[in-house]
Novice: 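The structure under discussion is supplied below as structure tokens; questions concerning it will follow.
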There are 2 protein chains.
Amino acid sequence: MSNEELIRKSGEILSDPRNQKEEIQALQDTMYVMGGKWRLMIINSICNGNRRFRDIQRSIPGITTRMLSRELKDMEANKLIKRTVTPSTPVLVEYSETDYCLSFGAIILEMIRWGKQHREKIRMTD
Amino acid sequence: MSNEELIRKSGEILSDPRNQKEEIQALQDTMYVMGGKWRLMIINSICNGNRRFRDIQRSIPGITTRMLSRELKDMEANKLIKRTVTPSTPVLVEYSETDYCLSFGAIILEMIRWGKQHREKIRMTD
DNA sequence: TTGGCTGGTATCATAGATTATACTGGTAAC
DNA sequence: GTTACCAGTATAATCTATGATACCAGCCAA
């Protein structure tokens, strides 16, 4: 779908009172899954090849073990990442992105694009 | 861009360490602009033709004047809506969506699509 | 003149998200 | 035997978003 088509269609959708509830819910679900201060950075880190807890932590300045732990658990529950335990000594725990996580790709791309444009726009008109 | 292309390209981008900072920032900007409990519902309400403060408020059950006021101000600063004052008696204040607000369309569509799929997926595998 | 509408602001309270800090139990290098 | 790594958990504090409630000035209608 071209960008123009998307904008046109979104205009239709936004003006269309039908199924509003379902759509708002879908939006809120998506925001919930993406939500939180660290989520996108964690996805990013894992997709960049960081697989182990401490590696991910080191790659994201400022994140605490508590938050990383919580987020990883939550993302696993939402099937965005996979947690693999190898019972060696010491135990090896690895996190990896799922295909599902990559299915986020379209949204992430659009958001990056929009965010860059937005910053430019705000900068220009201030 | 097709969905397959988007997913492939997002894979590239997510695996690409270049410009990560800028991209994370763009993502966070976008999330900030979309963020909050009421934002999407307000956009929706205005796009559905509600233009005046009390009308918008009435169309969104549960929102307080405080939150609506804050959100409208913020959205105006971010150029998502336009505030027009007509100096009649009494003063008439109208809010309307900007083209820029509609440029959100691509993201919103993707998010709706993803959210629906997600709900389905979670439902199926529980 | 009491009550309602308009478009909001001000003040305080609460709940949830995030941070700070310390700690665990096991392994291993120095 | 002390230090450091691993993958986290536990507890408490704080910060921020949201909610509850009251209020403002101006206008109109009964």
Side-chain angles (χ1 to χ4, degrees), chain A residues 24-25 27-46 49-78 80-97, chain B residues 24-25 27-46 49-78 80-97:
Chain A
I24 290 285
Q25 173 129 78
L27 278 167
Q28 287 180 332
D29 287 355
T30 304
M31 293 198 70
Y32 175 75
V33 172
M34 306 187 65
K37 185 173 174 183
W38 303 105
R39 187 67 54 97
L40 292 170
M41 294 190 241
I42 295 170
I43 290 180
N44 196 250
S45 172
I46 293 175
N50 294 303
R51 303 235 160 295
R52 303 176 62 176
F53 193 91
R54 296 295 178 194
D55 289 337
I56 298 168
Q57 186 170 19
R58 267 189 293 269
S59 75
I60 303 173
I63 196 170
T64 59
T65 55
R66 172 161 161 49
M67 285 312 291
L68 181 55
S69 173
R70 266 193 35 153
E71 292 291 295
L72 289 173
K73 248 183 224 158
D74 213 69
M75 290 168 76
E76 199 198 351
N78 280 299
L80 290 172
I81 55 174
K82 202 159 76 76
R83 181 176 184 271
T84 313
V85 182
T86 309
S88 53
T89 49
V91 156
L92 176 64
V93 180
E94 285 181 305
Y95 295 94
S96 53
E97 74 276 17
Chain B
I24 290 286
Q25 173 131 78
L27 278 168
Q28 288 181 330
D29 287 355
T30 304
M31 294 198 69
Y32 174 74
V33 173
M34 305 188 65
K37 186 174 176 182
W38 304 105
R39 188 66 55 96
L40 292 171
M41 294 190 241
I42 294 170
I43 290 180
N44 195 249
S45 172
I46 292 176
N50 294 302
R51 303 235 159 296
R52 302 177 63 179
F53 192 91
R54 296 294 177 196
D55 289 338
I56 299 168
Q57 185 171 19
R58 267 188 294 269
S59 77
I60 303 172
I63 197 168
T64 59
T65 55
R66 171 167 159 46
M67 287 311 292
L68 182 53
S69 172
R70 267 194 36 152
E71 293 291 295
L72 288 174
K73 247 182 227 159
D74 214 68
M75 291 168 78
E76 197 198 351
N78 280 300
L80 291 172
I81 56 174
K82 201 160 78 75
R83 183 176 183 271
T84 312
V85 182
T86 308
S88 53
T89 49
V91 158
L92 176 65
V93 180
E94 285 179 306
Y95 295 94
S96 53
E97 75 275 18

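Here is how names work: the chains are called A, B, and so on, in the same order as the sequence lines, proteins then strands, and each is numbered from 1. Quick note: numbers below take in every heavy atom, side chains included, and nothing from hydrogens, waters or symmetry partners.
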Novice: Of the options C:dG8, D:dC6, C:dA22, whose atoms approach the side-chain atoms of A:R52 most closely?
Specialist: D:dC6
Novice: Taking C-beta and beyond as the side chain, do B:L72 and B:R83 meet within less than 4.5 Å on heavy atoms?
Specialist: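 Not touching, per the 4.5 Å side-chain cut-off.
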Novice: Quick check: do A:I43 and A:M34 have side-chain heavy atoms less than 4.5 Å from each other?
Specialist: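 A:I43 does not reach A:M34 side chain to side chain.
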Novice: Just to be sure I understand the rule, does B:G36 reach a base, reach only the sugar-phosphate, or reach nothing, if contact means heavy atoms closer than 4.0 Å?
Specialist: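 Since only primed, P, OP1 and OP2 atoms lie under 4.0 Å of B:G36, the category is sugar-phosphate.
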Novice: Classify the nucleic acid contact of A:R70 as base, sugar-phosphate or nothing, counting any heavy atom under 4.0 Å across all strands shown.
Specialist: base
Novice: Look at the side chain of A:D74 and the backbone N and O of A:R70, then say whether any donor-acceptor pair between them is shorter than 3.5 Å.
Specialist: no
Novice: Checking contacts here: which listed nucleotide (D:dA7, C:dG7, C:dT9) is nearest the side-chain heavy atoms of B:R83?
Specialist: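 Nucleotide nearest to B:R83's side chain: C:dG7.
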Novice: Taking atom P of C:dA17 as reference, at what distance in whole Å does atom NZ of B:K37 sit?
Specialist: 11 Å
Novice: Can you measure A:E71 atom CD to C:dT19 atom C1' for me and round it to whole angstrom units?
Specialist: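 One finds 13 Å between C1' of C:dT19 and CD of A:E71, rounded.
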Novice: Could you give the CD-to-P distance, from A:Q28 to D:dT18, as a whole number of Å?
Specialist: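 These atoms are roughly 11 Å apart.
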Novice: Does A:R66 get its side chain close enough to the base of D:dT9, under 3.5 Å, for a donor-acceptor pair?
Specialist: no
Novice: I'd like to know if the side chain of A:S59 reaches the main chain of A:I56, judged simply by a donor and an acceptor atom lying under 3.5 Å from each other, with no hydrogens or angles considered.
Specialist: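 Judged by distance alone, yes, a pair lies under 3.5 Å.
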Novice: Could you work out which one of D:dG8, C:dG7, C:dT19 sits closest to the side chain of A:W38?
Specialist: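 Nearest nucleotide to the side chain: C:dT19.
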Novice: What is the distance, to the nearest angstrom, from the CZ atom on B:R58 to the C1' atom on C:dG4?
Specialist: 12 Å
Novice: Would you say A:S69 places a side-chain N or O within less than 4.0 Å of OP1 or OP2 belonging to D:dT9?
Specialist: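 The answer is yes; a side-chain N or O of A:S69 sits under 4.0 Å from OP1 or OP2.
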Novice: Just how far, in rounded Å, is C1' of C:dT21 from CD of A:Q57?
Specialist: 13 Å
Novice: What is the distance from CZ of A:F53 to P of D:dC5, rounded to the nearest Å?
Specialist: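 Those two atoms, CZ and P, are 15 Å apart.
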Novice: Once rounded to the nearest 0.5 Å, what's the spacing between atom CD1 of B:I42 and atom CD1 of B:I63?
Specialist: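 Answer for the CD1-CD1 pair, B:I42 versus B:I63, is 4.0 Å.
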Novice: To the nearest angstrom, how far is A:L92 atom CG from D:dG8 atom C1'?
Specialist: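 Taking CG of A:L92 and C1' of D:dG8, I get 14 Å after rounding.
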Novice: On DNA chain C, compare the nucleotides closest to B:K73 and B:D55; which residue's is nearer the 5' end?
Specialist: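 Its nearest nucleotide being more 5', the pick is B:D55.
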Novice: Would you say A:Y32 places a side-chain N or O within less than 4.0 Å of OP1 or OP2 belonging to C:dG16?
Specialist: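 For A:Y32, the contact criterion (side-chain N or O under 4.0 Å from OP1 or OP2 of C:dG16) is not met.
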Novice: If you assign B:G62 and B:R54 each to the DNA chain D nucleotide with the nearest heavy atom, which residue ends up on the more 5' nucleotide?
Specialist: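 Result: B:G62.
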Novice: For D:dA17 and B:R39 - does any side-chain N or O of the residue sit under 4.0 Å from the phosphate oxygens OP1/OP2?
Specialist: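 B:R39 to D:dA17 OP1/OP2: no side-chain N or O under 4.0 Å.
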Novice: What is the distance, to the nearest angstrom, from the CD1 atom on B:I42 to the C1' atom on D:dA17?
Specialist: 14 Å
Novice: So, under a plain 3.5 Å distance rule, would you say the side chain of A:T64 forms a donor-acceptor pair with the base of C:dT18?
Specialist: no
Novice: Looking at every strand, decide which applies to A:R51 at a 4.0 Å heavy-atom threshold: base, sugar-phosphate, or nothing.
Specialist: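 No contact.
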Novice: If you measure from the Lys or Arg side-chain nitrogens to the Asp or Glu carboxylate oxygens, is any gap between B:E71 and B:R66 under 4.0 Å?
Specialist: no
